[in-house]
Amino acid sequence: MDYNPQELEQRWRERWAETGRYEADPGDADSEEPTFITVPYPYPSGGMHIGHARTYTVPDVYARYRRQRGDNVLFPIAWHVTGTPIIGAVERLKKGEEKQLSVLRDTYNVPEETLQDLETPMGFARYFIDEHYKRGMKSLGLSIDWRREFTTNDERYSKFITWQYETLRERGLLEKGLHPVKYCTNERQPVTTHDLLEGEEAEFQEYTLVRFTFERDGETVVAPMATLRPETVYGVTNAYVNPESEYAVAEVDGEMWFVSVDAVEKLRLQAREVEIREEFAGERLVGERVTNPITGDEVPVLPATFVDADNATGVVMSVPAHSPDDYVALLEAKADAERMETYGVDPADVEAIDPVPILEIDEYGEIPARDAVEERGIDSSDDPRLKEATKEVYNREFHAGRLLDVYGEYAGEVVEDVRDRFRADYSESGAFDSMYEFSEEVVCRCGGDVEVAEQETWFLRYDDEAWKAKAHEVVSRMDAVPENTRGEYDHTIDWLNEWPCIRNYGLGTRLPWDPDFVIEPLSDSTIYMAYYTVAHRLRDVPVEELTREFFDTLFYGPEAVDEPDETALELREEWDYWYPVDYRFSANDLISNHLTFYLFHHAELFPEPKWPQGIVIMGMGLLEGRKMSSSKGHVVLPGEAIETYGADTVRFFLLNSAEPWQDYDWRDDQVGSVRDQLERFWNRAQEIIRTPEGERELAHVDRWLLSKLQTTVREVTEAMERSETRSASQEAFYGFEEHLRWYRRRADLDRPGARWTMRKVLETRLRLLAPFVPFVTNELHEQLTGTPAEDAPWPEPDAEFENVRVEVEERQVERLTGDVRDIVDVTDTDPEVIRVYVAADWKREVFDAVVEEGPDVGAVMGTVMQDPDLRERGDEVNRLVQDLVDVARGRDDETLAAMAETDETAVYEGATDFLEREFDADVELYVEGEEAYDPADRAKNAVPFRPAIHIE
RNA sequence: GCGAGGGUGGCUGAGCCAGGCCAAAAGCGGCGGGCUUAAGACCCGCUCCCGUAGGGGUCCAUGGGUUCGAAUCCCAUCCCUCGCACCA
């Protein structure tokens, strides 16, 4: 029977579907040990590629393993459609965007006539769910309970999320406040990263506005200096405005501000009341003196064309001691008295300005900006190296600069440690204000300018100390795989702030008390694993019955409400049976958001026994060494890979090429070779299956192979327990293949004992490999024994077959063979006779002493020298002890004991036929000193476990 | 910059936590042989350098150190990857 993966895999898929093989219900398994495994539900805004395939296959392998160990395993899946990506994709499709059409047509092979079905968000999602994800998952043979699938846009799911958010609000973990968003000034609405033409990388920067003031027409006017380094306020020597840009005096929240006209709109978007009183060119303010709110100093306003009126307030302060830009600008101002005069500035005033240092730092002298500029020989603000100088000074000062004495309570502190506190203190006292600005220009796809707007929004209060403490508690109790990720969760918990959990539009659940908003994707996916436990049964409950009380009853029990709903109580049993989640498998980039949110919400909403038990982190996938990218068409679709290689090959490659948490690289040539390996495995198995069973009459090599098999079982099991799918499959497949290679050389395979051994080995390996390559192993195991591998229990190491002595002995044969081979190769001879000399008895006595005393030369010598015969041999013994101590070192006691029992001569005797076959030569075996025929005087070189050899 | 992970032989990638069976697994690629009319597949062997005796030399990013002994432990340096938020 030839290996035809597509055909046999299809048969198994059908069988699984027909029998509902992976539909898990409470009480299914004998052991009553439920195991609940989850993986983040896919987001079907596009097709499934091979990277996704691995994401879902890793948990599947673990699920299959637990099933074979007798657990009742639940592995469900659902579909995440919340938010805007799907809507955005549909919009781009409807607009007929070339790029989008190409991705759909060429990358994901959407048929032309189907494209119109994709023009609604759920139509789009449904297509990729059914045609890609679901089909792909079924092809891969994932052991999913399909009855439990749902989407996050389902009305029942929304009821569940509604329960979650009402509960959180009641517990004070939701809060209303202002938050910066990207806002298109043309479309007059918030936009997402996907809507942007330019500036996808842009970050929100919160500028501090230092409220300098001046008097104008008897009124105090605030000149808000925008800066990212508020702590430099003591070093301000002057201010700059762009004389050629438009500025305004405007009423901002009841006071008069001087800002650029561009800034007016920004301030409005950032929830300020702004009314322009007067507009004029920046020139008008040049020459004015403004008062530093912290120091009380008056400094002049100078003209500078490098000031960008469209950035923040358009008014900046100058700190020449610490800003290379400012330093160079000051030099230029001093050098150009004429220009100063044009703007009505007295050149003498400019000349009088000296940089004022505000911090000290080892790398520079008193005026860091000057040093950085002079070091590079920069003498113009156009010099490109100025940027680099600025970056260097900013960085070093931030991490190592210590504030000088004028800072009072902040003096002596490093900028990095003190900036936030400094800013907060002066904001409170009213000296500082703030506004947002992007780090680069941002343009909407519609061409409109995108600005930062502050919008009223709802936050999840991840900054709540009590909540953080609970989340840490979850981390400390769970199994983090690999262990080094544990710290990352703790780190993220500490670092998380308030999280805005609603959006203006998108699919998903409406905010219960304000249906204008929708709960965003990372916030509606924190406890849905609980929903799986009842999803299929919830479908029979009318939507309107899914009230707050219903879910309270379901999750908190009958005591939680006055009149518990009967159905809810029934469902509660199933939820209680499966929950908590034993392992969640997820990608490493989700630690900093999704997974930590998952921990937070479980910590709050569920009691400790229902908290997550473990998280396994998965690595990223590459394709032929490069990142996969669906927009560039650089992807492999699972369907195509399965078509080419078969699902078992795809699975085996994905699981075997790296541990789950390591990055892996899909390479065609490698996948092809996996396919070849599986085919070879199949062919060998077929031979065994059609050969008569044999009998248990075991030869030495048989016992050796069976002993190796037990080691393999043990190692594979241990690896699986640590989720090390690579080690496990490597060991069960390639590792054992090595043993078989030796076995085939050594053994007469036609013997009944060999046939019995081969069957035994095959059966065991099929079970070990069943989680990885379920199709081929089920098929072969059924052919061999009548039952599929997945229905056979996971193998246990069988002490009956473990035999260290046999392994030691066989190892000697291997070694002797290798040594002879080496000599033959080096001498390039074709031997007629191979003479093997086993070490003399007295040498063996020395070895026994080494075993007894352990690898301690002194101690062994002490013992050995008691023996008069040995003492006579003096130096010879000494050298032998050194050698044998090396042999003993690093071997465990059990092995040494087995060696001590081994009769070397008998072992080689038994291997004589084999050696004669191997080398096509006569083999003569002697014991050193016992009438050995020794023409080349080799026998003396014999050492225990290292016989001397002579070839001729 | 912060946080995390990593640099091993032509490539991929084990080993490192628990130092010595490590010239360093396995796969790929390459070379030789077998099978075959032939090719592919398959099977066997070889694949750092030197060597007509199982040995020797050099080696695991770089430079130091600890140790009888370091790919493995410590220190420093260089380089690479990922995450750093309102994007799922």
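Remember, predicted model here, so these are calculated numbers, not experimental data. A, B, ... follow the sequence lines: proteins, then strands. Residue 1 opens every chain.
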(message) From the set B:rA88, B:rA53, B:rG3, return the single nucleotide nearest to any side-chain atom of A:I951.
(response) B:rA53
(request) Between A:E498 and A:L816, name the one whose nearest nucleotide on RNA chain B is closer to the 5' end. (result) A:L816
(request) Sort out for me which residue in A:T152, A:N153, A:T151, A:T509 forms a side-chain hydrogen bond (donor to acceptor under 3.5 Å, both in side chains) with A:T82. (result) A:T152
(message) Measuring only the C1' atom in each nucleotide, how far is B:rA25 from B:rU36? A whole number of Å is fine.
(response) 33 Å
(request) Can you measure from OG1 (A:T725) to CZ (A:F772) and round to the nearest 0.5 angstrom? (result) 6.0 Å
(message) So for A:D819 and B:rG54, does any side-chain atom that can act as donor or acceptor lie under 3.5 Å from a complementary atom in the base?
(response) yes
(message) Using a 4.0 Å heavy-atom cut-off, does A:H950 contact any base of the nucleic acid, only the sugar-phosphate backbone, or nothing at all?
(response) base
(request) Identify whether any heavy atom of A:P521 sits under 4.0 Å from a base atom; if not, whether one sits that close to sugar-phosphate; answer base, sugar-phosphate or nothing. (result) sugar-phosphate
(request) Tell me which of A:R811 and A:P947 sits closer to the 5' end of RNA chain B, going by the nucleotide each one is nearest to. (result) A:R811
(request) For A:I591, report the nucleic acid contact type (base, sugar-phosphate, nothing); a contact means any heavy atom under 4.0 Å. (result) nothing
(request) Taking the six-membered ring of A:F736 (Phe, Tyr or Trp), confirm whether the NZ or CZ of A:R765 is under 6.0 Å from its centre and within 45° of its axis. (result) no
Please enumerate all protein N or O atoms sitting under 3.5 Å from an N or O of nucleotides 12-15 of chain B, with distances to 0.1 Å.
residue, atom, partner, partner atom, Å
B:rU12, O4', A:R667, NH1, 3.3
B:rG13, O2', A:R726, NH2, 2.9
B:rA14, OP1, A:Q662, OE1, 2.8
B:rA14, OP1, A:Q662, NE2, 2.7

(request) Compare the minimum distances between each of B:rG55, B:rG27, B:rC87 and the side chain of A:K182, then state the nucleotide with the smallest one. (result) B:rC87
(request) Could you tell me how the ring of A:W499 sits relative to the ring of A:F597: parallel (under 30°), tilted (30 to 60°) or perpendicular (over 60°)? (result) perpendicular
(request) Could you tell me whether a side-chain N or O of A:Y528 sits under 3.5 Å from a main-chain N or O of A:Y41, the two making a donor and an acceptor? (result) yes
(message) Using Watson-Crick or G-U wobble geometry with both distances under 3.5 Å, which nucleotide pairs with B:rC28?
(response) B:rG10
(message) Tell me which nucleotide, if any, is Watson-Crick or G-U wobble paired with B:rG69 when both distances must be under 3.5 Å.
(response) none
(message) What's the closest nucleotide to the side chain of A:Y734 if the choices are B:rA53, B:rA85, B:rG27?
(response) B:rG27
(request) Would you mind telling me which of B:rA26, B:rA85, B:rA88 lies closest to the side-chain atoms of A:N593? (result) B:rA88
(message) Whether A:T84 contacts B:rA88 is assessed here as follows: a side-chain N or O lying under 4.0 Å from the phosphate OP1 or OP2. Is that the case?
(response) yes
(request) Tell me the partner of B:rU58, counting only Watson-Crick (N1-N3 plus N6-O4 or O6-N4) or G-U wobble (N1-O2 and O6-N3) with both under 3.5 Å; none if nothing fits. (result) none
(request) Start with the C-alpha distance between A:E737 and A:R680, add both sets of side-chain angles, then the distance that settles salt bridge (Lys or Arg N to Asp or Glu O under 4.0 Å), and finish with yes or no. (result) CA-CA 11 Å; A:E737 218 43 61; A:R680 179 166 55 185; 5.2 Å; no
(request) Measure from the side chain of A:A948, starting at C-beta and using heavy atoms only, and say which of B:rC28, B:rG54, B:rC42 lies closest. (result) B:rG54
(request) Enumerate the residue pairs fulfilling salt bridge (Lys or Arg N to Asp or Glu O under 4.0 Å) with a member in residues 943-952 of chain A, sequence neighbours excluded, ordered by first and then second residue. (result) A:D819-A:R946, A:R835-A:E952
Report, one line per pair, each donor and acceptor closer than 3.5 Å where one atom sits in a side chain of residues 174-181 of chain A; sequence neighbours left out.
none

(message) Looking at B:rG1, which nucleotide sits across from it as a Watson-Crick or G-U wobble partner, both distances under 3.5 angstrom, or is there none?
(response) B:rC84
(message) Restricting to side chain to side chain contact (heavy atoms under 4.5 Å, CB included), what partner residues turn up for A:E715, sequence neighbours left out?
(response) A:T711, A:E731
(message) Under a 3.5 Å cut-off for both contacts, is B:rG40 paired Watson-Crick or G-U wobble with anything, and if yes, with which nucleotide?
(response) none
(request) Identify, with sequence neighbours excluded, every residue that meets side-chain hydrogen bond (donor to acceptor under 3.5 Å, both in side chains) alongside A:W79. (result) A:E149
(request) Would you mind pulling out the nucleotide paired to B:rC21, Watson-Crick or G-U wobble, both distances under 3.5 Å? (result) none
(request) Identify which nucleotide among B:rG54, B:rG83, B:rA4 has an atom closest to any side-chain atom of A:D822, counting heavy atoms from C-beta outward. (result) B:rG54
Atom pairs, N/O to N/O, protein against nucleotides 44-51 of chain B, distance under 3.5 Å?
residue, atom, partner, partner atom, Å
B:rG45, OP1, A:R745, NH1, 3.1

